[in-house]
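In each ligand, atom 1 is the first atom listed, and ligand 1 is the first ligand listed. Just so it is clear, the values below take in all heavy atoms, side chains as well, and ignore hydrogens, waters and symmetry mates.
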Amino acid sequence: MNSIFNAKWIKSPKEHELETALFKKDLSFSKPVERAVLNITSHGVYEAFINGERVGDFILAPGWTDYIYRLQYQEYDITDMVSEKCELTVSVGGGWFASAISRAWHAGIEATKKQLKPTALIASLDITYTDGTSELVVTDEGWEVTRWDVAYSDIYHGETYIADAKRSYQPVELAELTHHTLIPTEGERITEQETLVPVKEILTPKGERVIDFGQEITGYVEFDIDAKAGQRIVIDHAEVLDSEGNFYNENLRSARVHIDYTCREGKQSYKPHHTFMGFRYIRLTECPEHIPTEAFKAIVVHSKMKRTGYFRCSNEKVNKLYSNLVWGQKGNFLDVPTDCPQRDERLGWTGDAQAFIKTAAYNYDIQKFFNKWLNDLVCDQTVAGAIPHVIPDNINNRQDYITGKIECSAAWADSVTICPWQIYLSYADKKLLEKMLPAMEKYISYMLHDGDDPYVWATGGHFGDWLSMELTDKQFIADAFYAYSTSIVIKVLKVLGRDTGRYEKLYTEVVKAFRKNHPEYTSQTECVLALHFALTTDKEATAKKLVELIHNNGDRLTTGFVGTPYLLHVLSENGYSDVAYTLLLQEKFPSWLFSVNMGATTIWEHWDSLKEDGTFWSTEMNSFNHYAYGSVGDWMYGVVCGVKPREDMPGYKEFDFAPIADSRLDFAEMEYETRYGVIKAGWNRTDNGFEYNLTVPAGTRAHVKIGETDTVVEAGEYKF
Ligand code: BGC
């Protein structure tokens, strides 16, 4: 058992509970140390230091899980950091555990300070001496705590920092908290990934000093300055400027996203400790004039996933779209797949995650990342099988779990089947299927028992085709996903060698009911789902209808979060790849390239988050970094360049190469790093058609389908 289980939970004394506490233990070692290993976690987010030097590089450790069930602890080898006498300090801020984002424990969005649970720390330090003896130091009554330089921190609201805050240590109190939730780290730790420098300093019409980093990121600002004690630097963050060029942050809603730094004398540098922001612009709301723009940098943070995919083509606008969707992933994969990184939300919205996962799995290796998140999803599923809208679930009261009042929405809840299946396809992760199967079956049973008709998803709080430009019947979507998830469960059972009989029967009945209740398709999304989920009995007519709807809308899409991920696929699968390309290359609103033309550097929440006339969608819900529509990325990799995993040989042990070229592009190319090696694929336009290139890594085979060519090739380089 890990030694952390021998440690006690400690917290700051009740009478002055601290916003951010700095815990301290003086260490002294009588003999030479061979190995020192720190195991640590907190209620709240922490940073540990040995003699002021940061331990490890995990930003916002211990990460975000459903803390009611699971709390990750981290292990750090600190052998090289300790000396005969040294000081171990750990700062703990509210983080996801105890700030405005932690609604679950406080019922209601406006959690006040008073309602927040106190933060707490638990840690153990295993010392092995060179003479073979060992010692264990744990958190207990012998530790001290003080107020730290971070006077205030909150995920949504930012940080207040007083550079020479006085420290006065006092004894800690023990906290009556459980050890049962402690688990070793499962996910990919969040780390600093890139540093951006200012591209422009702007004096806005309102006379405000604004810095543009040229790219919307998730992370924080760092500054390096020379200042006088007591001078203040106050920074606000924004994604966009308004039509007049003024700083605009109304769309952040109640999130203050604000840095308030009080300087000490002399040279100093700062970056936030326990929070993050989604931004492209900062306003120096208060800043001594002598401090130059170059003193500020933007630091990009996200989960440390391995980059695996790259795409490029001859159209620079499409390349920008691709860059934007990659940035969408960087900005929203912070331990949990989130909807957005900036406003008072930043939650693990299931619908967004399932819409984007296929694209995400090309861009980065997300196996570990999703394994962790899906474990939380399993924890948060209700006894009846409902899947809450966000994971970790911080929207519902735990009381609602007992009374069964948890809302469940089609396409959102289906993340329980769609996400594990995608991870299986991309990484051959059979273990995950095994683990997730009970949750999948429980979810199917939930739909089965919901309402009087077992083959219709009778109730549910459905979101429908969220943010679409055309109405799609919510019941249509619910019944379609009922069939789709059932079909995935059948595939999973087959992979695991189990009997599928019951689900085959159910599937037949659900599809029958669907066809009876939804004989017509009136919206683009209805056609898309009917085709993609094989619900239509007449594919040809449905595809034709979809093309007609697109054409009648000026060759433009109308789909929302639900229809968009499959839209281009059903077109290219049914003989209309030219229409799919038309939609990809469309520049008029609503389209992907509309946002590119409007200067987007990430994917927007709405097709028209920023309108042609420079005005915005309402302040209520307008994020400029929402990856759902970035789901078009998987069509770029999987159809334009033609590389797709195969169900019969997942994890790219064997893969399909079936690119579809279009003469509106001169070339398209991709690289994808599989576990076997790098696949390179692409094509270029020649005088008499297209030339296709493929590199098949050792240990894999490609099933090639290009026009008349239908063949299987082993490792090597090919031209077709
Ligand atoms: C979120 C979404 C989410 C949606 C559910 C929004 O507030 O930002 O992306 O999927 O709610 O309808």
Side-chain angles (χ1 to χ4, degrees), residues 64 96 100-101 103-104 108-110 155-156 216 218 239 250-255 257 276-278 324-325 327-329 331-334 336-360 373 377 380 386-396 406-416 418-419 460-475 477-478 481 525 559-566 595 600 602-609 616-632:
W64 193 13
W96 290 286
I101 199 171
R103 294 173 220 171
I109 191 159
E110 289 304 329
I155 297 275
Y156 289 157
E216 165 141 1
T218 297
E239 299 180 277
E250 282 165 44
N251 62 325
L252 307 182
R253 304 194 301 213
S254 74
V257 201
F276 66 91
M277 293 80 182
N324 292 355
L325 68 88
W327 275 104
Q329 182 164 2
N332 285 295
F333 274 47
L334 267 82
V336 163
T338 58
D339 57 335
C340 58
Q342 71 299 78
R343 68 176 179 226
D344 53 0
E345 211 151 349
R346 315 186 195 184
L347 305 176
W349 278 98
T350 50
D352 307 43
Q354 66 78 19
F356 189 65
I357 187 168
K358 215 167 161 186
T359 298
W373 184 69
L377 183 141
D380 285 343
I387 309 285
H389 300 326
V390 303
I391 305 293
D393 183 12
N394 66 345
I395 287 182
N396 295 294
I406 303 280
E407 278 205 343
C408 187
S409 166
W412 273 249
D414 296 274
S415 52
V416 68
I418 294 170
C419 295
H462 302 298
F463 292 118
D465 192 17
W466 191 245
L467 309 186
S468 63
M469 307 299 300
E470 174 184 35
L471 199 69
T472 288
D473 177 24
K474 287 184 181 174
Q475 191 60 47
I477 295 173
F481 273 87
T525 289
T559 50
F561 279 29
V562 170
T564 302
Y566 313 126
S595 68
T602 36
I603 302 290
W604 297 346
E605 180 172 23
H606 301 267
W607 292 115
D608 57 346
S609 281
F616 297 119
W617 230 87
S618 102
T619 53
E620 268 317 294
M621 214 183 68
N622 194 15
S623 147
F624 290 86
N625 197 357
H626 243 69
Y627 53 49
Y629 294 148
S631 55
V632 66

Report task. Taking only heavy atoms of F561 into account, list the atoms of ligand 1 that are under 4.0 Å away from them. Result -> 9 (O)
Report summary line: Closest non-hydrogen atoms of I418 and Q354, given as atom of the first, atom of the second and distance, are CD1-OE1, 3.4 Å
Query raised in the report: Between H462 and ligand 1, which residue portion shows a heavy-atom distance shorter than 4.0 Å: side chain, backbone, both, or neither?
Result: neither
Query raised in the report: What atoms of ligand 1 come within less than 4.0 Å of a heavy atom belonging to D339?
Result: 1 (C), 8 (O), 9 (O)
Query raised in the report: What about the rings of W412 and F481, do their centers lie closer together than 6.0 Å?
Result: no
Report summary line: protein heavy-atom neighbour closest to atom 6 (C) of ligand 1 works out as E345 OE2, 3.4 Å
Query raised in the report: What are the two closest heavy atoms between S468 and G560, and how far apart are they?
Result: CB-N, 3.3 Å
Requested in this report: Would you check whether H389 reaches within less than 4.0 Å of ligand 1, judged by its heavy atoms?
Outcome: no
Query raised in the report: By number and element, which atoms of ligand 1 are closer than 4.0 Å to a non-hydrogen atom of E605?
Result: 8 (O)
Requested in this report: Mark the output for E620 as yes if a heavy-atom distance to ligand 1 is under 4.0 Å, and as no if none is.
Outcome: no
Requested in this report: Show which atoms of ligand 1 fall inside a sub-4.0 Å distance from at least one heavy-atom site of D352.
Outcome: 2 (C), 3 (C), 9 (O), 10 (O)
Query raised in the report: Heavy-atom distance under 4.5 Å between the side chains of N324 and Y627, does that happen here?
Result: no
Query raised in the report: Can you list the ligand 1 atoms lying under 4.0 Å from a non-hydrogen atom of H626?
Result: 1 (C), 2 (C), 8 (O), 9 (O)
Report summary line: For W466, the atoms of ligand 1 under 4.0 Å from one of its heavy atoms are 4 (C), 5 (C), 11 (O), 12 (O)
Query raised in the report: Which of these, W607, F624, W604, sits in a ring-ring contact (aromatic ring centres under 6.0 Å, His included) with Y629?
Result: W607
Query - Minimum heavy-atom distance between G331 and T218, given as atom pair plus value - result: O-OG1, 2.9 Å
Query - R346 charged N/C atom sitting above F276 aromatic ring, 6.0 Å / 45° - result: yes
Query raised in the report: If you look at every heavy atom in D393 and D380, which pair is closest and at what distance?
Result: N-OD2, 2.8 Å
Requested in this report: For atom 5 (C) of ligand 1, find the nearest protein heavy atom and state the residue, atom name and distance (0.1 Å precision).
Outcome: W349 CZ3, 3.4 Å
